[in-house]
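Heads up, the thing below is written out as structure tokens.
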Protein chains: 2
Amino acid sequence: MSDKRIEILDLAENLIRTKGYNAFSYRDISGPLQIKNAAVHYHFPKKSDLGEEIIQRTRKKFQLKNKEWSHYSPQRRLDNFIALYEENQSLNLVCLVGALGSSYESLPENMQNNLSEMSREIRIWMMELLKEGLAKKEFNFAEKPNEKADLIIASLLSSLILDKVIRENIFKSVKASILKGV
Amino acid sequence: MSDKRIEILDLAENLIRTKGYNAFSYRDISGPLQIKNAAVHYHFPKKSDLGEEIIQRTRKKFQLKNKEWSHYSPQRRLDNFIALYEENQSLNLVCLVGALGSSYESLPENMQNNLSEMSREIRIWMMELLKEGLAKKEFNFAEKPNEKADLIIASLLSSLILDKVIRENIFKSVKASILKGV
DNA sequence: TTGCATACTTACTGATAAGTAAGTATATTT
DNA sequence: AAATATACTTACTTATCAGTAAGTATGCAA
């Protein structure tokens, strides 16, 4: 994969995660990267091709981490998962699901489908993680694991959004709350 | 306030909360309402005027509920607050903060400011509610009230987004989890 | 009954959007 | 050395966007 192609993906992802999919244009990419608009179209003929690939590579990154962590304890896996969001926060970026999901109906179909699949995968991963943690007595919570999983992924997602809007460290609160609650 | 003006606000709010602020145009309003584009500009010269007023009236609605509920018990106020999100879910709408917040950087300044103020107000309201509930022994949780508040508002916000993306009843899980956790 | 405000429409502008067709420079393969 | 693939640029199209200026119909108030 060429350098420019990756630069385009990186920049576009950043734009999506700060301004949203519908608020950036190919000019916002060609300008900073000092190429022509058509060069972006050469790599990604349609904007939705670019959007789709950003979702797919994010999904692959998650699957890779997932594999890397597979032998870790549930607590450690949870800590690592939360650390992913902490990194996003420090970069002032919302997560991809939050960035795209809130305008779901406006997205091209291929992006909707990819986004949904990735989100389901993360949700199921979290559910399994919590179940395992309960079984191994690492965790100790009263809720059903799937309910807890939804609470955790939902609150992490929003914490990055609210951080920007409220300009308080919502993520920090949410992190503390999650860790006390498992 | 004229009929058409309110119709414009209602439709625009719906568009923002399904497709996002940057994915709708004045044509999406003038078309369905059978008026001309310039008629929308007559009521709201700039798109950001429309956006701002939608945030402001949402804030006023919250303040009104707030006042209406002021003599209710913390538990009942919390139930009512959650019921607001339940209604959104049944209408397949994300909340305004979620819809706008995820593309915060793309918003005109007047909208950013209004959105931030409203969100802070809701957060503080929830913090007070939880503190009061603890003091009155209606609630019983280990976290700090402000941490718990952030968890609750964050998870409710995202549950509506994830509901659409994952097509599972994430809101229901989150609601159950919140109620068990206070 | 004249004047003025309200609530529009008609008709337009200038900017920007996504996307494409055809050409070009460079490197790689045959 | 010729052919081909890669990675672009130039130049363009068509559509849509937010926004505005000027005109019009209707009702109400002085």
Side-chain angles (χ1 to χ4, degrees), chain A residues 1-55 57 99-100 103-112 114-115, chain B residues 1-55 57 99-100 103-112 114-115:
Chain A
M1 194 139 62
S2 72
D3 254 25
K4 270 283 174 290
R5 192 184 156 84
I6 291 171
E7 281 178 56
I8 292 167
L9 283 165
D10 288 342
L11 181 51
E13 181 177 336
N14 207 290
L15 286 163
I16 288 175
R17 293 172 62 189
T18 49
K19 302 170 69 181
Y21 178 73
N22 294 298
F24 85 93
S25 73
Y26 273 26
R27 223 175 38 165
D28 296 321
I29 292 169
S30 56
L33 297 188
Q34 313 232 56
I35 51 177
K36 299 298 155 186
N37 232 315
V40 187
H41 280 287
Y42 166 75
H43 288 288
F44 304 97
K46 301 194 174 180
K47 200 183 173 187
S48 62
D49 297 326
L50 178 52
E52 185 177 350
E53 190 152 329
I54 288 168
I55 301 172
R57 72 171 194 169
L100 295 172
S103 56
Y104 192 76
E105 258 109 309
S106 79
L107 298 176
E109 212 186 303
N110 62 327
M111 289 182 65
Q112 287 187 344
N114 274 284
L115 185 67
Chain B
M1 194 142 62
S2 73
D3 255 26
K4 270 283 174 290
R5 193 183 156 83
I6 292 171
E7 281 178 56
I8 292 168
L9 283 165
D10 288 343
L11 181 50
E13 180 176 337
N14 206 289
L15 287 163
I16 288 175
R17 294 172 62 188
T18 48
K19 303 170 70 182
Y21 178 74
N22 294 298
F24 86 92
S25 74
Y26 272 27
R27 220 172 43 163
D28 297 321
I29 292 169
S30 56
L33 297 187
Q34 314 232 56
I35 51 177
K36 299 298 155 186
N37 231 316
V40 186
H41 279 287
Y42 166 74
H43 289 288
F44 304 97
K46 302 196 172 179
K47 200 184 174 188
S48 62
D49 296 326
L50 179 51
E52 185 177 350
E53 190 153 331
I54 288 168
I55 300 171
R57 71 171 195 169
L100 296 172
S103 57
Y104 192 77
E105 258 109 309
S106 78
L107 298 177
E109 211 187 303
N110 62 326
M111 289 181 65
Q112 288 186 343
N114 274 282
L115 185 67

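Small disclaimer: the values here were computed from a predicted structure and weren't measured. All chains are named by letter (A, B, ...) in the order of the sequence lines, taking the proteins before the strands, and each is independently numbered beginning at 1. The basis for the numbers below is simple: all heavy atoms, side chains too, and nothing from hydrogens, waters or symmetry mates.
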Does the side chain of B:F24 reach to within under 4.5 Å of the side chain of B:I29, using non-hydrogen atoms?
yes
Is B:Y21 close to A:N22 at the side-chain level, that is, under 4.5 Å between some pair of heavy atoms?
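A side-chain contact under 4.5 Å is absent here.
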If each of A:K36 and B:H41 is mapped to the nucleotide of DNA chain D with the nearest heavy atom, which maps nearer the 5' terminus, i.e. the 5' end?
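Its nearest nucleotide lies further toward 5', so the answer is A:K36.
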Integer-rounded Å distance: [N] [atom2] and [X] [atom1]:
| X | N | atom1 | atom2 | result |
| --- | --- | --- | --- | --- |
| A:Y26 | D:dT9 | OH | P | 15 Å |
| A:K47 | C:dA17 | NZ | P | 9 Å |
| B:I35 | C:dT6 | CD1 | P | 18 Å |
| B:D28 | D:dA18 | CG | P | 8 Å |
| A:N37 | C:dT20 | CG | P | 13 Å |
| A:I6 | D:dA7 | CD1 | P | 11 Å |
| B:E52 | D:dA18 | CD | P | 17 Å |
| A:Q34 | D:dT9 | CD | P | 11 Å |

Could you go through the salt bridge (Lys or Arg N to Asp or Glu O under 4.0 Å) check for A:E13 and A:R17 one step at a time?
CA-CA 6 Å; A:E13 181 177 336; A:R17 293 172 62 189; 2.7 Å; yes
So what does A:F44 hit on the nucleic acid, given a heavy-atom distance under 4.0 Å: a base, only sugar-phosphate, or nothing?
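No contact at all - A:F44 keeps every heavy atom at 4.0 Å or more from the nucleic acid.
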Nucleotide of C:dA21, C:dA11, C:dA18 approaching B:A38 most closely (side-chain heavy atoms):
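Looking only at heavy atoms from C-beta outward on B:A38, the closest nucleotide is C:dA11.
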Output the single nucleotide from D:dT9, C:dC8, D:dC17 whose closest atom is nearest the side chain of B:H43.
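So the side chain of B:H43 is nearest to C:dC8.
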B:S25 side chain N/O closer than 4.0 Å to the phosphate oxygens (OP1, OP2) of D:dT16?
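Checking D:dT16 against B:S25, no side-chain N or O comes under 4.0 Å of OP1 or OP2.
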Phosphate contact (C:dA7 OP1 or OP2) by B:Y42 side-chain N/O below 4.0 Å:
yes
Nearest heavy atoms of A:Q112 and A:L107, plus distance in Å:
NE2-O, 3.5 Å
Could you check B:E53 against B:R5 for side chain to side chain contact (heavy atoms under 4.5 Å, CB included), going step by step and ending with a plain yes or no?
CA-CA 11 Å; B:E53 190 153 331; B:R5 193 183 156 83; 2.6 Å; yes
